[in-house]
Amino acid sequence: MSTNEDQEELKPTTTPGYKPGAAKSADEYAQLDAEDESLARWKASLGIVPGAGGPASGPKVTVLTLELASPTLPAGKRIAFDLKDTARLADTKKNPIIIKEGVEYNVRITFKVNHSIISGARYIHFVKRAGVKVDKLEEMLGSYGPSPTGEPYTKNFDPEESPSGMLARSGTYNVRSRVIDDDGEVYADWEWSFKLAKEW
């Protein structure tokens, strides 16, 4: 259940005076200044070419996975969520994922731009334990067009260290995650839970 306070936590930070420009499709951007060869090459390197995006229907962005990566994970172990698997996400409420205390890890997100250009996309999450906010992360994904090869994009965030100690290990941490852009368009919004333990 989302509260007004939660919605405030999920709003991206803004730069005073910045106003995003009018949204344009990838084809519209590809046609702008089409006679400038160097600009056309640069836009092509970004995947902005005529016909690069699919039909302009459906979501602009599909967030595919969220992964927690750590060099301390046992060989062969992977902590990743397929965001289409809503049952698995819901199951973390009853069976939270286990994160080892006091280790370095980073969040990795994989997404696909289906059509149009997205500007200033961000990943935001906040963490609560026993109903009290204990952490917030806001990371810039960037601005993207549809991939010329159709491959998804992957963004690795800066490493963080998981809390440690007996107090940190008590209780479940509930996370609310969102991917949003400069225009306030929400591409994904989900909840998941974890616990800290002495071992993975």
Side-chain angles (χ1 to χ4, degrees), residues 1-3 5-13 23 26 47 52-70 73 76-100 105-129 133-160 162 172-196 200:
M1 197 53 68
S2 179
T3 66
E5 182 182 313
D6 289 354
Q7 291 304 318
E8 286 300 313
E9 290 293 343
L10 291 167
K11 284 186 179 175
T13 56
S57 63
K60 285 185 196 175
V61 175
T62 304
V63 180
L64 303 170
T65 62
L66 174 80
E67 183 175 356
L68 302 179
S70 174
L73 274 168
K77 183 168 176 97
R78 184 171 180 245
I79 299 175
F81 298 110
D82 176 351
L83 296 187
K84 291 179 280 185
D85 188 352
T86 54
R88 166 75 172 107
L89 287 171
D91 185 55
T92 67
K93 293 262 189 210
K94 289 183 248 161
N95 301 302
I97 64 166
I98 303 298
I99 298 175
K100 184 176 179 178
Y105 71 96
N106 71 292
V107 175
R108 178 181 300 148
I109 192 164
T110 305
F111 60 98
K112 186 172 183 181
V113 179
N114 299 315
H115 60 82
S116 303
I117 304 291
I118 61 167
S119 173
R122 294 163 197 217
Y123 170 77
I124 301 170
H125 81 211
F126 69 92
V127 183
K128 286 184 173 182
R129 188 175 75 175
K133 184 180 104 173
V134 294
D135 189 30
K136 180 176 179 179
L137 171 73
E138 180 174 347
E139 291 278 350
M140 180 62 77
L141 292 173
S143 299
Y144 297 86
S147 168
T149 62
E151 293 296 311
Y153 295 103
T154 299
K155 177 74 175 184
N156 287 299
F157 301 139
D158 291 334
E160 297 185 57
S162 61
T172 298
Y173 295 81
N174 298 303
V175 185
R176 176 83 182 270
S177 297
R178 178 174 280 178
V179 175
I180 188 170
D181 70 10
D182 278 346
D183 296 322
E185 187 168 346
V186 176
Y187 299 118
D189 192 2
W190 70 98
E191 296 180 39
W192 52 287
S193 300
F194 70 90
K195 284 186 138 185
L196 293 168
W200 288 103

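Any value given below was found using the heavy atoms of this structure, including those in side chains, with hydrogens, waters and symmetry copies removed. Given the structure is predicted, the values throughout are model-derived calculations rather than measurements.
- Applying the side-chain hydrogen bond (donor to acceptor under 3.5 Å, both in side chains) test to Thr92 and every residue at least two apart in sequence or in another chain returns nothing.
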Task: Tyr187/Phe111 under ring pair (Phe, Tyr, Trp, His ring centres under 6.0 Å): CA gap, chis, key distance, verdict - done: CA-CA 10 Å; Tyr187 299 118; Phe111 60 98; 9.1 Å; no
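- Legend: residues meeting salt bridge (Lys or Arg N to Asp or Glu O under 4.0 Å) with Arg88, ordered by chain and number and at least two apart, are absent.
- Partners of Trp192 by side-chain hydrogen bond (donor to acceptor under 3.5 Å, both in side chains), not counting sequence neighbours, listed by chain and number: Ser177.
- How far CZ of Arg129 is from OG1 of Thr172: 9.5 Å, rounded to the nearest 0.5 Å.
- For Tyr173, the ring pair (Phe, Tyr, Trp, His ring centres under 6.0 Å) criterion is met by Phe194, not counting sequence neighbours.
- Atom-to-atom distance recorded for Ile180:CD1 and Asp182:CG is 9.5 Å, nearest 0.5 angstrom.
- The CG atom of Asp135 lies 6.0 Å from the CD atom of Glu160; values are rounded to the nearest 0.5 Å.
- The shortest heavy-atom contact between Pro146 and Tyr153 is C-OH, 3.8 Å.
- Taking CG from Asp91 and CZ from Phe81, the interatomic distance works out to 10.0 Å, rounded to the nearest 0.5 Å.
- Between Ile117 and Lys60 there is no side-chain heavy-atom pair separated by less than 4.5 Å.
- Residues Gly120 and Ser143 approach most closely at N-OG, 3.0 Å, considering heavy atoms.
- In this view, Lys112 satisfies the salt bridge (Lys or Arg N to Asp or Glu O under 4.0 Å) rule with no residue, not counting sequence neighbours.
- Side-chain contact check for Leu68 versus Ile97: some heavy-atom pair is nearer than 4.5 Å.
- Looking at residues two or more places apart in sequence or on another chain, you find a side-chain contact (heavy atoms from CB on, under 4.5 Å) between Pro59 and Thr62, Asn114.
- Residue pairs meeting the side-chain hydrogen bond (donor to acceptor under 3.5 Å, both in side chains) criterion with at least one member in residues 77-86, sequence neighbours excluded: Glu67-Arg78.
- Every pair tested for salt bridge (charged side-chain N to carboxylate O under 4.0 Å, His left out) that includes a residue from residues 146-157 fails, sequence neighbours excluded, so the list is empty.
- Not counting sequence neighbours, the partners of Ala69 by the side-chain contact (heavy atoms from CB on, under 4.5 Å) test are Asn106, Arg108.
- With sequence neighbours left out, Asp158 forms a side-chain hydrogen bond (donor to acceptor under 3.5 Å, both in side chains) with no residue at all.
- Listed by chain and number, the residues in a ring pair (Phe, Tyr, Trp, His ring centres under 6.0 Å) with Tyr105 amount to none (sequence neighbours excluded).
- Between the side chain of Ser162 and the backbone N or O of Lys100, at least one donor-acceptor pair lies under 3.5 Å.
- Of the residues listed (Lys93, Arg178, Lys128), the one engaging Glu191 in a salt bridge (Lys or Arg N to Asp or Glu O under 4.0 Å) is Lys93, and it is the only one.
- Partners of Thr65 according to the side-chain contact (heavy atoms from CB on, under 4.5 Å) rule, which considers only residues two or more places apart in sequence or in another chain, are Thr110.
- Using cut-offs of 30° and 60° on the angle between ring planes, the pair Phe157 and Tyr123 is parallel.
- Between Asp181 and Ser119, the shortest heavy-atom distance links the atoms CB-O, 3.4 Å.
- Two residues are said to be in side-chain contact when any heavy atoms from C-beta on lie closer than 4.5 Å; Glu139 and Ile109 fail this criterion.
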